[in-house]
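The block underneath contains the structure these notes are about, expressed in structure tokens.
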Amino acid sequence: MVEATNFIEQIINEELESGKVSAVQTRFPPEPNGYLHIGHAKSLCINFGIKEKYNGKCNLFFDDTNPSKEKTEFVDAIKEDIKWLGFTWDKETYASDYFEKIYDFAVELIKKGKAFVCDMTAEEISANRGNFKEPGKESPSRNRSVEENLQLFADMRAGKFADGEKCLRAKIDMASPNINMRDPVIYRILRQTHHRTGDKWCIYPMYDYAHPICDYMQGVTHSICTLEFEDHRPLYDWVGIELGFAPKPRQIEFARLNVTNLVMSKRYLKKLVEEGSVDGWDDPRMPTLTGLRNRGIPAEALKDFCQRIGVVKANSEVQISYLEACVREYLNAHAERAMGVLKPLKLTITNYPDGQSEMVDFDVNPNEEIKRTRKIKFSKHLYIDSDDFSLAPPPKYFRLKKDGYVRLKSAYIIKCDDVVFNQDGSVKEVLCSYVPESKSGNDTSGIKTKGVIQWVEQDSCIDAEIRQYGYLLKDEEYAGQDFSERMNTESVKIFNGKVEPYVFENGDISYQLMRTGYFKLLDVKGKKVVSEIVSLKDNFNK
RNA sequence: AGGGGUGUCGCCAAGCGGUAAGGCAACGGAUUUUGAUUCCGUCAUUCGUAGGUUCAAAUCCUGCCACCCCUGCCA
């Protein structure tokens with residue numbers, strides 16, 4: 001018996017103990033009508049987490065019962081995202097695999113007198129459903145004979161009726177306080193080409209009816225979904241009971257993930273993509289899995305985050321800083337380090353010989369157990385970041401200032417002797433002298449510096465376009481119309497920086513630009529384009 | 001208004017009748033060739049609220065309050 005870490009596992013443990021279930025099976029059930037986002041990551045972790053923990057199974061189940069919204073493009077993207085997260089599903093299944101079976105079960109319900117073909121229009125059904133206060137009215141079609149229902153349902157399938165002209169309804173209870181039980185529609189007529197079954201069908205089952213059947217057919221023991229389906233559970237159970245499912249899958253609901261600052265609504269994300277406010281579903285500003293991946297967030301960090309936030313039924317909103325902390329923690333341990341400057345400032349070491357250069361040792365990642373170092377070129381002509389030099393240093397400024405000493409990371413200690421100005425009075429270049437006996441790892445100078453700054457060598461460094469991506473901000477403007485405009489203008493800052501010519505092992509691996517933040521290499525085409533993912537803790541601006 | 005849920009530190013979240021875990025954030029302090037990391041310390045006499053049961057309640061009972069979800073031929 002494994003130890004439960006959340007209430008779902010607790011339920012599973014109890015059922016295992018009582019012998020109610022012997023093997024555990026879950027499923028991840030996206031509708032292929034968009035890309036997966038960080039909220040799905042939570043569901044993925046829960047469902048696949050249970051599979052792994054209980055040595056069970058977890059299918060990837062595409063809930064494709066509404067062909068008007070679904071596309072193959074989305075099923076492919078969804079599969080890619082799940083693979084990226086590192087989960088492997090047992091079977092790839094589709095609701096559409098079971099359309100024939102689902103139809104047969106509907107016939108069975110009709111024969112049991114538990115379903116009927118209704119003549120009312122969608123508007124009429126809605127008008128007769130009643131409301132929270134009043135019960136609904138029964139459809140005039142409700143007491144049709146089994147034979148007539150059977151014939152009519154067959155006619156529906158045969159395409160003898162127009163879209164919406166008839167539908168199949170479960171015969172439950174129009175007076176139920178649970179509106180989902182007021183004779184819900186379980187089949188509608190819809191002439192839409194389905195991404196998998198084409199035009200084979202002109203009737204499609206509704207989610208509430210199809211889902212319990214698909215779960216059962218696949219051998220799912222625990223059907224995990226979000227809180228808004230709690231009210232649907234009686235219907236889920238009704239289908240299982242009327243159809244005699246044994247063992248009947250159990251639906252368990254949990255609270256969906258909310259993250260401060262992240263817009264999670266699928267329809268809104270879709271709108272942003274369609275109107276071109278972002279570059280696509282994989283734009284780094286998007287909270288989609290592919291967007292987060294492009295931002296540079298490692299799959300492992302995302303899974304760690306989902307693990308750490310827990311699984312409960314209470315609605316909550318997790319601060320984005322929690323996600324960032326998980327990312328920082330992972331990257332601090334795994335990311336390769338590189339130096340780079342956002343706003344390059346020329347630095348010349350006046351007492352270093354012209355035309356000479358040397359290689360200095362640089363830690364790939366100071367935190368790894370088996371330390372790797374690499375060589376970095378050092379010469380008379382360098383760039384540092386403008387922010388690492390100050391003409392009017394505030395108190396406790398540790399970095400470079402006139403007549404001050406500072407260490408160039410992994411190289412020498414330097415002293416600023418002079419400053420060259422532009423016409424407009426801005427700093428053009430700083431002139432320094434280095435302390436030859438202060439070489440990193442072999443320092444006999446006896447000079448202690450509080451500040452250590454990064455640098456790049458002028459000849460070898462390459463131009464890098466560095467983009468700092470913001471998040472899709474969720475605030476009062478979220479619902480407004482100015483949103484897309486702001487997306488384009490304020491949510492990404494571009495720096496024409498310079499980075500050392502280090503080629504990372506894998507473009508998918510995020511790395512850290514010293515002090516500036518954790519970045520991900522996006523592209524190498526003469527220029528390195530890196531995107532910011534999370535900034536480093538930055539205490540020196542306080 | 002009827003039904004279904006949920007309320008434990010700024011944010012997540014353990015706890016399941018025996019006297020409030022942990023993480024994030026924050027704040028001190030030490031180390032540091034990334035002002036990062038690491039380290040060490042501080043951070044709920046109180047569990048939405050009011051009563052009740054009990055030797056003992058965040059945990060059981062009752063009332064109240066707050067928030068979320070439900071009136072698609074969407075999922």
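Each chain gets a letter, A, B and so on, in the order its sequence line appears, and its residues count up from 1.
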Exercise for the section: Measure from the ring center of F254(A) to the ring center of F7(A) and say whether it is less than 6.0 Å. Expected result: no
Problem - Between P of G48(B) and CG of N315(A), the distance in whole Å - result: 16 Å
Problem - salt_bridge(D363(A), R372(A)) N-O dist < 4.0 Å - result: no
Handout entry: Length of the line joining E253(A):CD and U6(B):P, which is rounded to integer Å
Key = 10 Å
So which protein nitrogen or oxygen atoms get under 3.5 Å of nucleotides 1-3 of chain B's nitrogens or oxygens?
from  : atom 1 : to      : atom 2 : distance (Å)
G2(B) : O4'    : F132(A) : O      : 3.4
G2(B) : N9     : F132(A) : O      : 3.3
G3(B) : N2     : D231(A) : OD1    : 3.4
G3(B) : N2     : D231(A) : OD2    : 2.6

Exercise for the section: Figure out the OH/P separation between Y204(A) and A75(B), and round it to whole Å. Expected result: 12 Å
Handout entry: Side-chain-base donor-acceptor pair under 3.5 Å for R129(A) and U71(B)
Key = no
Exercise for the section: Measure from the side-chain heavy atoms of E31(A) and tell me the nearest of G35(B), A75(B), U6(B). Expected result: A75(B)
Exercise for the section: Please answer whether the main-chain N or O of A106(A) pairs with a side-chain N or O of Y209(A) as donor and acceptor at a distance below 3.5 Å. Expected result: yes
Problem - Complementary nucleotide for A13(B) - Watson-Crick or wobble, under 3.5 Å - result: none
Problem - Expected output: side-chain K171(A) to main-chain R142(A) donor-acceptor under 3.5 Å - result: yes
Handout entry: Candidates U37(B), A75(B), U33(B) - which lies nearest the side chain of N332(A)
Key = U37(B)
Handout entry: Spacing of E317(A) atom CD relative to C12(B) atom P, expressed in whole Å
Key = 8 Å
Handout entry: Watson-Crick or G-U wobble partner of A58(B), both distances under 3.5 Å
Key = none
Exercise for the section: Compute the ring centroids of Y405(A) and Y412(A), then answer whether they are less than 6.0 Å apart. Expected result: no
Problem - Check: W281(A) main-chain N/O paired with T288(A) side-chain donor or acceptor under 3.5 Å - result: yes
Handout entry: Watson-Crick or G-U wobble mate for G2(B), both contacts under 3.5 Å
Key = C70(B)
Problem - Paired nucleotide for C43(B) [Watson-Crick or G-U wobble; both distances under 3.5 Å] - result: none
Handout entry: is_close_aromatic(H211(A), F61(A)), centroid dist under 6.0 Å
Key = yes
Exercise for the section: Identify whether any heavy atom of K450(A) sits under 4.0 Å from a base atom; if not, whether one sits that close to sugar-phosphate; answer base, sugar-phosphate or nothing. Expected result: nothing
Problem - Nearest-angstrom distance, C1' atom, A57(B) to C16(B) - result: 12 Å
Practice task
Would you kindly give the CD1-to-P distance between I453(A) and A36(B), to the nearest whole Å?
Solution key: 17 Å
Problem - Plane angle bin for W201(A) and Y103(A) - parallel if under 30°, tilted between 30 and 60°, otherwise perpendicular - result: tilted
Completion exercise
Side-chain contact check for Y322(A): nearest option of U6(B), A25(B), G23(B) is G23(B)
Practice task
Among the candidates C24(B), U33(B), A25(B), find the nucleotide nearest to the side-chain atoms of R308(A).
Solution key: C24(B)
Exercise for the section: Tell me which nucleotide among A25(B), A75(B), G35(B) gets nearest to the side chain of F398(A). Expected result: G35(B)
Practice task
For M120(A), answer base if it contacts any base atom (sugar-phosphate contacts may also be present), sugar-phosphate if it contacts only those atoms, and nothing otherwise; contact means non-hydrogen atoms under 4.0 Å.
Solution key: base
Practice task
Quick one: pull up OH in Y322(A) and OG1 in T260(A) and give me the separation to the nearest 0.5 Å.
Solution key: 13.5 Å
Practice task
Using a 90° cut-off around 0 for syn, call G72(B) syn or anti.
Solution key: syn
Exercise for the section: Please work out if P366(A) contacts a base, only the sugar-phosphate, or nothing of the nucleic acid, heavy-atom cut-off 4.0 Å. Expected result: base
Exercise for the section: Classify the nucleic acid contact of Y397(A) as base, sugar-phosphate or nothing, counting any heavy atom under 4.0 Å across all strands shown. Expected result: base
Exercise for the section: Have a look at A325(A) and say if it touches a base, only the backbone sugar-phosphate, or nothing, with a 4.0 Å heavy-atom cut-off. Expected result: sugar-phosphate
Problem - Interatomic distance at C1', C73(B) relative to G3(B), whole Å - result: 23 Å
Problem - P spacing across the pair U49(B) / U8(B), given as an integer number of angstrom - result: 10 Å
Exercise for the section: Scan M339(A) against the nucleic acid and name what it touches under 4.0 Å (heavy atoms): base, sugar-phosphate only, or nothing. Expected result: nothing
Handout entry: Given RNA chain B, 5'-ward residue of the pair S126(A) and E228(A), judged by closest heavy atom
Key = E228(A)
Handout entry: Under-4.0 Å side-chain N/O to phosphate OP1/OP2 contact, T65(A) with C74(B)
Key = no
Problem - G5(B) to G48(B) separation - C1' atoms, rounded to the nearest Å - result: 16 Å
Practice task
Please state the C1' separation for the pair A36(B) and U32(B) - nearest whole angstrom.
Solution key: 10 Å
Exercise for the section: Answer yes or no: does a side-chain N or O of R233(A) lie under 4.0 Å from OP1 or OP2 of C69(B)? Expected result: no
Practice task
Using the P atom on both, measure G29(B) against C65(B) and round to a whole Å.
Solution key: 49 Å
Exercise for the section: Nearest whole angstrom, please: distance from the C1' of A75(B) to the CG of D215(A). Expected result: 13 Å
Exercise for the section: Report yes if at least one side-chain N or O of R188(A) is closer than 4.0 Å to OP1 or OP2 of C74(B); otherwise report no. Expected result: yes
Problem - Within 6.0 Å of CD in E15(A), more than 12 heavy atoms from elsewhere - result: yes
Exercise for the section: Ignoring backbone atoms, test whether Q10(A) places a side-chain nitrogen or oxygen under 4.0 Å from the OP1 or OP2 oxygen of G15(B). Expected result: yes
Practice task
Choose from A75(B), C24(B), G5(B) the nucleotide whose nearest atom is closest to any side-chain atom of K313(A).
Solution key: G5(B)
Exercise for the section: Measure centre to centre between the rings of Y236(A) and H232(A), then say whether the value is under 6.0 Å. Expected result: no
Completion exercise
note: E124(A), atom CD; G72(B), atom P; distance rounded to Å ~ 15 Å
Exercise for the section: Can you tell me the pairing partner of U32(B) across any strand shown, Watson-Crick or G-U wobble, with both distances under 3.5 angstrom? Expected result: none
Problem - Interatomic distance at P, A20(B) relative to U37(B), whole Å - result: 33 Å
Exercise for the section: Figure out the CD1/P separation between I189(A) and G72(B), and round it to whole Å. Expected result: 20 Å
Exercise for the section: Using the C1' atoms only, state how far A44(B) lies from A14(B), rounded to an integer number of Å. Expected result: 14 Å
Exercise for the section: For the side chain of S440(A), starting at C-beta, report the closest nucleotide among U33(B), A75(B), C70(B). Expected result: U33(B)
Completion exercise
Taking U33(B), A75(B), G35(B) as options, the one with an atom nearest any side-chain atom of R399(A) is G35(B)
Handout entry: Pair H40(A) and Y35(A), ring centroids less than 6.0 Å apart
Key = no
Completion exercise
Of K448(A) and E123(A), the one whose closest nucleotide on RNA chain B sits nearer the 5' end is K448(A)
Exercise for the section: Would you classify H211(A) as touching base, sugar-phosphate or nothing, given that sugar-phosphate means primed atoms plus P, OP1 and OP2, and contacts are heavy atoms under 4.0 Å? Expected result: nothing
